[in-house]
Amino acid sequence: MHAAVGRRTVLRDDLPAVADARRAEAAVIAEAYRSAHPGDDRAALVAAIADALADLAAVEERTEAVRRQVSRGYARAAAPVAIERP
């Protein structure tokens with residue numbers, strides 16, 4: 001069996017390794033936020049969530065920009081429309 005993970009296809013047997021790698025990466029990121037907010041785990045969590053939401057908003061913005069470009073490309077490639085002049 002195969003499954004798409006990110007931009008590559010892996011065997012389903014490899015998925016636990018991918019999940020372990022993600023957990024390890026998450027642990028490193030969590031520790032970085034905890035180091036930035038020593039003794040205040042709540043502040044570290046709030047900062048991590050705020051950064052994740054900002055990243056998500058940026059991705060959504062880029063996705064929408066690409067959609068607009070594609071849409072304009074289709075509109076420009078369409079047959080020309082005759083414009084009547086008075």
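Note that the structure is a prediction, hence the values are computed from the model and not measured.
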More than 12 heavy atoms of other residues, nucleotides or ligands under 6.0 Å from CD of Glu61: yes or no? no
Using side chain to side chain contact (heavy atoms under 4.5 Å, CB included), reason through Val46 and Arg42 one step at a time and then give a plain yes or no. CA-CA 6 Å; Val46 170; Arg42 183 182 185 285; 3.9 Å; yes
Val28 vs Glu31, test: side chain to side chain contact (heavy atoms under 4.5 Å, CB included). Steps then yes/no. CA-CA 5 Å; Val28 169; Glu31 191 54 41; 5.9 Å; no
Do you see a donor-acceptor pair shorter than 3.5 Å between the side chains of Asp51 and Tyr33? yes
Spacing of Thr63 atom OG1 and Arg68 atom CZ [to the nearest 0.5 Å]: 10.5 Å
Quick one: pull up CZ in Arg67 and CZ in Arg62 and give me the separation to the nearest 0.5 Å. 13.0 Å
Between CD on residue Glu25 and CG on residue Asp20, distance to nearest 0.5 Å: 13.0 Å
For Ala44 and His37 the tightest heavy-atom approach is CA-CD2, 3.6 Å
